[in-house]
Amino acid sequence: MRLSQMLFVTLREDPAEAEIPSHKLLLRAGYIRRIGSGIYAYLPLMWRVLKKVSQIVREEMDATGAQETLLPQLQPAELWRESGRWDTYTKAEGIMFALTDRQKRELGLGPTHEEVITTVAKEMIRSYRQLPVHLYQIQTKFRDEIRPRFGLMRGREFIMKDGYSFHTNEESLKKTYADMHTAYSNMLRRCGLKFRAVEADSGAIGGSGSQEFMVLAEAGEDEVLYTEDGNYAANVEKAVSIAPDAEISPFSSYEKRETPGTDTIEKLCKFLKTSPTTIVKNVLYQTVYDNGMTVLVLVSIRGDQDVNEVKLQNELTRQAGNYGGNTIISLTVPDAEAQQKWAAKSLPLGYISPNLEDSYIAGSKEVSSKFLRLVDYTAYNLKNFITGSDESGYHVVGANWDENFKLPPKIFDLRKAKAGDRAIHHFDQTLQTARGIEVGHIFQLGIKYSKAMNATFTNEQGEELPLVMGCYGVGVSRLAQAAVEQSYDKDGIIWPVAIAPYHAIITIPNIGDKQQIEIAENLYKGLNEAGIETLLDDRDERAGVKFKDADLIGIPYRIVTGRAIKDGKVEVVERATKKAQEIAIEDVISTIKEWMSKAIES
Ligand code: ATP
Ligand code: MG
């Protein structure tokens, strides 16, 4: 492609709307253009990158025996009602764009395709003889993200590869899941990315495994905790660890103490001259189930620890049945306004005890009249602890479970693991932290959707059983931007060779020089014919501008038909290292071919 004929516009300044380097660079270098919040045009250079990423994804999927397909983006509401997700997706999480057609039928724009694929499977799969089977597609997804940001990282319209596998049993599912782990690792390696596979939260259905593939980068939205020995890595949402030891409480007998102005752990520690590890804090949450039922939740946890709200949400979802619901719609810390709706009297905030009386709740048809009390292991393990007294300005010290506070029948792991904690698998290993961009997620779904939607098969014994399912997603457009986030310098993008929009760019410093043009034209033809995708910068611009643009758009190899041509040579510059060397014109093609084959992993 000739730059003189391209829609090629680069910006010198960082666009104000962009926060992270990859977003700034893709905008500046003319790869993407913002059309609306979370909506982007992929310009020709970007589209080439996306096609290359898609092709690598496709090759790795096909190699596992999965089959490519294309499912509808417009999805009837009935399918989502069958699976029980219509209300949560259109109202609670609100992530699905929903619309009504002229016949007043409700439809959603596909954020994901479990419902559609399960319907296909239900109608087409009858017998164990048809299993296992795995279909995938590469397609635009729509999600009404609450905070679209960082360009293609969190868009409202983005490209995803999603695949769904169907099995007779868990063992067969586990085999495909392991194959996907390999395929995903291959994809990311071939795209030239540094990544880590981590244990991921799989929601309240639990039991079944799930892993995320994280591209390591400072700007990542996710936190990963891992150990140096390589035996543990998890998303912080899911991570488990051993909390640091608690200090010994300075109090050995139970009493109520006046502790004025100590409504935070920090103030209380200062006042009582004690460590937060000797305190049980009681955190109040409010959850609303899908049937409209509000439940007040009191979490007791050690003073130095934080509640992992993903773990809490999962536990509350597991308990949904106790309140006549299926899922939770919201989980919040109730502010003054929220408290007004159910509080029978004003709460002793900052001084709450694990025994806070249920009489604080004005129960009703919509509000459970009892606190749901959840105690975390870190609080459970404390002796002679300090905690609230349910009276403002007072705490109790030297308290013990069962003696002074009733212990609920079950204890939970609700704490957030932190960097520096000891690892569960080996006490000598401590958790380290890293930031990551989630580019892929593989998931053992089990029978969640097939059961809800009645998608069954007949086994060898003639029994009818629900299909066992797995699902596997890669954010193709997010991955492409993540590659930039991992590889750039002050001058611009440094594309990994395998997914660069072009491999080489020929810069003609002076288009008034006939010899320069002739050599450049010949090389341009020869390189492209040899399969080296090459741009020709034949614009009527100053050489400096051309060099700056070539660096900005990040093409791996730049060939300059400059002064050296009088010796039959051109200058070849490697973008990543800025290393320049003069190479005889007749050796350019073979040299770049060799560099490329070294740089591209197969
Ligand atoms: P996240 O936690 O980042 O919101 P998710 O867990 O909802 O993502 P999945 O449903 O697992 O995402 O989707 C599969 C993949 O699609 C993700 O791993 C991610 O790479 C990509 N993806 C998800 N949401 C977006 C988005 N809004 N913009 C771009 N890519 C996305
Ligand atoms: Mg995910």
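The first residue of the sequence shown is numbered 1, and numbering continues consecutively from there. Both counts, for ligands and for their atoms, begin at 1 and track the order of listing.
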- Message: Can you confirm whether Arg147 is buried at CZ, in the sense that more than 12 heavy atoms of other residues, nucleotides or ligands lie under 6.0 Å from that atom?
- Response: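 Count not over threshold, so no.
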
I'd like to check which ligand 1 atoms, numbered from 1 as shown, lie under 4.0 Å from a non-hydrogen atom of [X].
{"X": "Val439", "answer": "18 (O), 20 (O)"}
{"X": "Glu145", "answer": "24 (N), 26 (C), 27 (N)"}
{"X": "Gly440", "answer": "18 (O)"}
{"X": "Arg143", "answer": "5 (P), 7 (O), 9 (P), 10 (O), 12 (O), 13 (O), 23 (C), 24 (N)"}

- Message: Would you call the rings of Phe142 and Phe97 parallel, tilted or perpendicular, taking 30° and 60° as the class edges?
- Response: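 The arrangement is perpendicular - the two ring planes meet at more than 60°.
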
- Query: Heavy-atom distance to atom 31 (C) of ligand 1: which of Phe213, Phe158, Phe443 wins?
  - Reply: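 Looking at heavy atoms only, the winner is Phe158.
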
- Item | Identity of the nearest option to atom 17 (C) of ligand 1, non-hydrogen atoms only, from Glu438, His441, Arg149 |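 Of the listed residues, Glu438 has the closest heavy atom.
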
- Task: Have a look at ligand 1 and work out which part of Arg154, if any, has a heavy atom under 4.0 Å from it: side chain, backbone, both or neither.
- Result: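 Within the 4.0 Å criterion, Arg154 contacts ligand 1 through backbone and side-chain atoms alike.
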
- Mind checking whether Asp162 contacts ligand 1 via backbone (N, CA, C, O), side chain (CB onward), both or neither, at a 4.0 Å heavy-atom cut-off?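 Near ligand 1, Asp162 shows nothing, with every heavy atom at 4.0 Å or more.
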
Determine whether any heavy atom of [X] lies closer than 4.0 Å to an atom of ligand 1.
{"X": "Ile437", "value": "no"}
{"X": "Ser477", "value": "no"}
{"X": "Met153", "value": "yes"}

- Looking at Lys281 and Asp304, does any basic side-chain N land under 4.0 Å from a carboxylate oxygen?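 So Lys281 does not pair with Asp304 through a salt bridge.
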
- Message: Between Arg154 and Glu221 (salt bridge meaning N to carboxylate O under 4.0 Å), is one present in this structure?
- Response: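 The answer is yes: the pair qualifies as a salt bridge.
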
- Query: Any sub-3.5 Å donor-acceptor pair from Gln444's side-chain atoms to Leu173's backbone N or O?
  - Reply: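 Checked: no pair found.
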
- Item | Donor-acceptor under 3.5 Å (Tyr184 side chain, Gly473 main chain) |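 At least one qualifying donor-acceptor pair exists.
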
- Query: Tell me, do Ile442 and Tyr177 make a side-chain contact under 4.5 Å, heavy atoms counted?
  - Reply: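 Answer yes - side chains close enough.
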
- Task: Give a yes/no verdict on a cation-pi contact between Arg48 and Tyr502, requiring under 6.0 Å between NZ or CZ and the six-membered ring centre and an angle within 45° of the axis.
- Result: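 The answer is yes, since Arg48 meets both limits relative to Tyr502.
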
- Query: Purely on distance, is any nitrogen or oxygen of Gly473 under 3.5 Å from one on ligand 1?
  - Reply: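 No, since none of the N or O atoms of Gly473 sits under 3.5 Å from an N or O of ligand 1.
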
